[in-house]
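Have a look at this one before I ask anything.
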Protein chains: 2
Amino acid sequence: MTNHSLPSNDLQDGSVHLLPAVSIDNVIFGFHQNALTVLLLQAKSNQKWMLPGGFVGKEEDLDTAAIRILNARTGLTDVFLQQFHVFGSAKRNRKEHLRGVLQTLGIELTPESWFMQRFITIGYYALVNYEQVIPQADVTSLTCAWQDVSQLPPMLFDHEAIIDKALQALRLQLNYQPIGYTLLPKEFPLKSLQTIYETILGRKLDRSNFSRKILSYGILEKKEKHYSGAAHKAPFLYSFKEETYFKALQNGLKKEF
Amino acid sequence: MTNHSLPSNDLQDGSVHLLPAVSIDNVIFGFHQNALTVLLLQAKSNQKWMLPGGFVGKEEDLDTAAIRILNARTGLTDVFLQQFHVFGSAKRNRKEHLRGVLQTLGIELTPESWFMQRFITIGYYALVNYEQVIPQADVTSLTCAWQDVSQLPPMLFDHEAIIDKALQALRLQLNYQPIGYTLLPKEFPLKSLQTIYETILGRKLDRSNFSRKILSYGILEKKEKHYSGAAHKAPFLYSFKEETYFKALQNGLKKEF
DNA sequence: TGTATATTGTGTCGAAATGACTCAATAGGA
DNA sequence: TCCTATTGAGTCATTTCGACACAATATACA
């Protein structure tokens with residue numbers, strides 16, 4: 001973890017009502033200007049960027065905590081949020097950053113404080129609608145802002161690796177679950193969805209074949225044309241058919257083997 | 001967690017050298033008599049079965065701890081072991097079982113002891129060679145034994161759900177990674193591999209199509225015939241081609257999308 | 001010794017999916 | 001008016017998939 005959505009005196013007596021040694025980091029993906037982006041915070045102490053994270057209450061489910069933490073930075077409540085990996089190397093080096101955080105807050109803690117101990121962090125990823133998010137910085141950060149996934153700024157400790165791993169997890173998910181409903185506005189051109197797939201997969205896809213395949217899932221509905229103002233033919237817009245979309249989320253898109 | 005491979009006085013002062021609130025549970029799969037099996041321990045206190053689990057040292061990587069715990073019950077060192085999910089519901093009810101464990105060991109702990117607190121557990125699964133395992137019970141268990149996955153005995157708290165989730169994770173893995181090298185003896189008939197796939201997927205596969213597909217991966221080598229003594233044609237044996245097998249493990253079997 | 005039975009190796013066939021293309025239509029810029 | 005980028009639609013050869021057929025054969029049993 002790096003961040004927290006709790007009052008700063010929790011750092012002093014968090015041990016009373018927080019689960020020790022465990023934190024949560026959220027990788028929140030959005031889609032804007034034809035690019036996949038991640039919501040990040042910039043640390044006051046050293047200007048590096050970090051994932052919005054936090055702690056878990058002593059009697060709080062992990063999933064509930066992840067949602068609470070996401071809500072604090074985005075204002076969103078109803079979100080597709082999924083655990084994807086635990087980062088548990090003993091050498092996740094937080095020490096230096098923590099000193100900075102404490103200095104920022106004007107707090108002193110002994111090295112024995114719960115907050116100074118080793119933490120493992122559980123990675124969750126979310127796919128959200130860019131438009132609906134109101135980024136909210138916290139007391140330790142200068143700003144909360146979207147960053148292009150393919151051009152990440154300097155990140156705190158292992159947070160770039162965590163984003164990488166989230167992308168890998170998404171890449172696998174593409175093969176058995178639909179994606180996009182929570183990332184895109186109600187109506188969108190197929191091109192946008194294709195860009196999302198391309199970013200996650202890290203390679204170009206054939207336009208024609210992509211359209212054939214995605215439409216074969218039966219989760220899209222064709223709407224009217226969209227005149228973007230660009231110097232070329234106007235594309236059709238599409239929207240997700242909620243019913244079949246969620247059925248596909250549950251049952252998977254295809255049966256391998 | 002449920003179990004531990006550490007001396008029993010760790011229960012008293014584990015807080016000194018163990019990570020609090022975090023345990024590991026291993027789902028160890030083996031293949032025997034044409035069936036997929038899991039290695040389980042039977043609790044002395046109430047005869048229920050549980051996954052071999054344990055704790056994490058304060059300076060120990062999660063993955064290292066998982067291997068250490070697996071080694072303690074199987075004697076194996078070189079194993080395919082993979083984290084698949086964190087179980088973090090606040091209501092994972094260990095309390096009753098813990099009382100039993102403490103009674104068995106003749107230890108008394110205050111409710112404030114680290115051991116009596118809430119734990120989240122990280123699930124790892126392993127695929128191992130049945131023949132090479134020497135099951136080893138620990139101080140809190142009557143026995144350590146293999147159990148058929150499709151006929152599990154009564155299990156402690158959420159351990160059946162954990163096995164289910166491990167199977168689900170395996171099911172996904174089948175689509176992009178080869179499986180079997182660590183489960184089967186050096187040489188085996190295709191039928192054995194097919195049974196593994198069928199158990200993991202929970203449905204029958206067409207023999208002919210299975211063979212075509214699995215051979216198309218190029219990870220198998222045909223060996224001599226095998227006369228089993230059964231009243232029918234003798235099958236060929238196969239072995240994995242290590243080089244291509246591990247290449248496939250790394251790079252995946254196919255590129256969806 | 002001969003026949004029955006279960007299971008294996010091999011192959012067929014149509015349907016579906018995939019990857020690499022082509023080409024006309026068109027919205028706005030030069 | 002012509003140019004250019006992009007779209008919608010479609011072609012086509014190749015590969016993959018699912019379901020099934022059939023002969024070969026290792027042993028049991030009559």
Side-chain angles (χ1 to χ4, degrees), chain A residues 33-35 171 174-178 180 184 187-198 201-239 248 251-257, chain B residues 33-35 171 174-178 180 184 187-199 201-239 248 252-257:
Chain A
Q33 290 185 336
N34 236 32
R171 205 167 297 157
L174 282 193
N175 290 318
Y176 56 92
Q177 282 188 339
L184 293 164
E187 306 197 342
F188 53 89
L190 272 196
K191 186 67 202 286
S192 293
L193 192 53
Q194 183 179 339
T195 305
I196 292 176
Y197 274 73
E198 288 179 337
L201 292 170
R203 63 189 168 89
K204 291 291 173 195
L205 299 174
D206 181 272
R207 176 177 58 91
S208 198
N209 296 336
F210 174 79
S211 140
R212 177 174 57 193
K213 183 151 183 176
I214 208 80
L215 289 176
S216 80
Y217 293 159
I219 56 176
L220 291 176
E221 192 170 2
K222 191 188 272 194
K223 301 281 179 169
E224 79 281 13
K225 283 251 173 190
H226 170 62
Y227 295 84
S228 62
H232 53 74
K233 197 170 174 179
F236 282 108
L237 292 187
Y238 288 84
S239 70
N251 307 334
L253 287 170
K254 58 171 87 166
K255 335 156 227 277
E256 300 291 339
F257 255 105
Chain B
Q33 290 184 338
N34 237 32
R171 204 167 298 157
L174 281 194
N175 290 318
Y176 56 92
Q177 283 189 339
L184 293 164
E187 306 198 342
F188 53 89
L190 271 196
K191 186 67 202 285
S192 293
L193 191 53
Q194 183 178 340
T195 305
I196 292 176
Y197 273 74
E198 287 178 337
T199 311
L201 292 169
R203 63 189 168 88
K204 291 291 172 192
L205 299 174
D206 180 273
R207 175 177 57 90
S208 193
N209 296 337
F210 175 79
S211 137
R212 177 174 57 193
K213 184 152 183 175
I214 208 80
L215 290 176
S216 80
Y217 293 158
I219 56 176
L220 291 176
E221 193 169 2
K222 192 188 270 193
K223 302 280 180 169
E224 79 282 11
K225 285 250 172 192
H226 170 61
Y227 294 82
S228 64
H232 53 72
K233 195 170 174 180
F236 283 107
L237 292 186
Y238 288 83
S239 69
L253 287 171
K254 57 171 88 167
K255 337 158 224 274
E256 301 289 338
F257 253 106

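Labels below follow one simple rule: chain letters A, B, ... track the order of the sequence lines, proteins then strands, and each chain is numbered from 1. Please read all numbers here as calculations on a predicted model, not as lab measurements.
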Quiz prompt | Whole-Å gap separating C1' (D/dC17) and CG (B/Leu215) | solution =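 So the two atoms are 16 Å apart, to the nearest Å.
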Practice problem: State, with a plain yes or no, whether a side-chain heavy atom of A/Ile214 is found less than 4.5 Å away from one of A/Tyr197. | Solution: yes
Practice problem: Take atom NZ of B/Lys204 and atom C1' of C/dT7, then tell me their distance rounded to the nearest Å. | Solution: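 Atom-to-atom, B/Lys204 to C/dT7, this comes out as 14 Å.
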Quiz item: When you check the phosphate oxygens OP1 and OP2 of D/dA5, does a side-chain N or O of A/Lys191 lie under 4.0 Å from one of them?
Solution: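 Answer is no, no contact under 4.0 Å.
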Self-check item: Set of side chain to side chain contact (heavy atoms under 4.5 Å, CB included) partners for A/Ala230, sequence neighbours left out
Solution: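 Per chain and number, A/Ala230 pairs via side chain to side chain contact (heavy atoms under 4.5 Å, CB included) with A/Ser228, A/His232.
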Using nucleotides 11-16 of chain C, report all nitrogen or oxygen pairs with the protein that are shorter than 3.5 Å.
residue: C/dG11; atom: O6; partner: B/Ser208; partner atom: OG; Å: 2.5

Self-check item: Residues in salt bridge (charged side-chain N to carboxylate O under 4.0 Å, His left out) contact with B/Glu187, at least two apart in sequence or another chain
Solution: none
Exercise. Taking the side chain as every heavy atom from C-beta outward, state whether A/Asn175 and B/Asn175 have any atom pair closer than 4.5 Å.
Key: no
Self-check item: Row check, B/Phe236 ring normal vs B/Lys222 NZ/CZ: under 6.0 Å, within 45°
Solution: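 Relative to the ring axis of B/Phe236, which defines the angle, B/Lys222 lies inside both limits.
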Quiz item: B/Gln194 side chain to B/Phe210 main-chain N or O, any donor-acceptor pair under 3.5 Å?
Solution: no
Quiz prompt | Straight-line distance of B/Leu237 CG to B/Leu190 CG, nearest 0.5 Å | solution =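 Separation between the atoms: 9.5 Å.
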Quiz item: Rounded to whole angstroms, how far apart are OH on A/Tyr238 and P on D/dT7?
Solution: 11 Å
Quiz prompt | Beyond-backbone contact of A/Leu174 with A/Leu253, side-chain heavy atoms, under 4.5 angstrom | solution =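 Result no, sub-4.5 Å side-chain heavy-atom pair not found.
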Quiz item: Within this structure, what is the NZ-to-P distance between B/Lys213 and D/dT15, rounded to whole angstrom?
Solution: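 Answer to the nearest Å: 16 Å.
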Please produce a list of atom pairs where a protein N or O lies less than 3.5 Å from an N or O of nucleotides 1-4 of chain C.
none

Practice problem: Could you grab the distance from atom NZ of B/Lys213 to atom CG of B/Leu205, nearest 0.5 Å is fine? | Solution: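 It comes to 9.5 Å.
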Exercise. Provide, to the nearest angstrom, the distance between the CD1 atom belonging to A/Ile214 and the C1' atom belonging to C/dA17.
Key: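 Going from CD1 in A/Ile214 over to C1' in C/dA17 covers 15 Å.
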Practice problem: Report the distance from atom OH of B/Tyr217 to atom P of D/dT16, rounded to the nearest whole Å. | Solution: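 Taking atom P of D/dT16 as the reference, OH of B/Tyr217 is at 11 Å.
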Self-check item: Set of side chain to side chain contact (heavy atoms under 4.5 Å, CB included) partners for B/Thr199, sequence neighbours left out
Solution: B/Leu36, B/Thr195
Self-check item: Per-nucleotide protein contact string for nucleotides 22-30 of chain D (B base, S sugar-phosphate only, - none; heavy atom under 4.0 Å)
Solution: --BBBB---
Exercise. Look up atom OH in B/Tyr238 and atom CG in B/Leu215, then write down how far apart they are to the nearest 0.5 Å.
Key: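 Atom-to-atom, B/Tyr238:OH and B/Leu215:CG are 5.0 Å apart.
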Quiz item: Can you tell me how far P of C/dG28 sits from NE2 of A/His226, to the nearest Å?
Solution: 10 Å
Self-check item: Nearest-angstrom distance from the residue atom CG of A/Leu205 to P of C/dA20
Solution: 11 Å
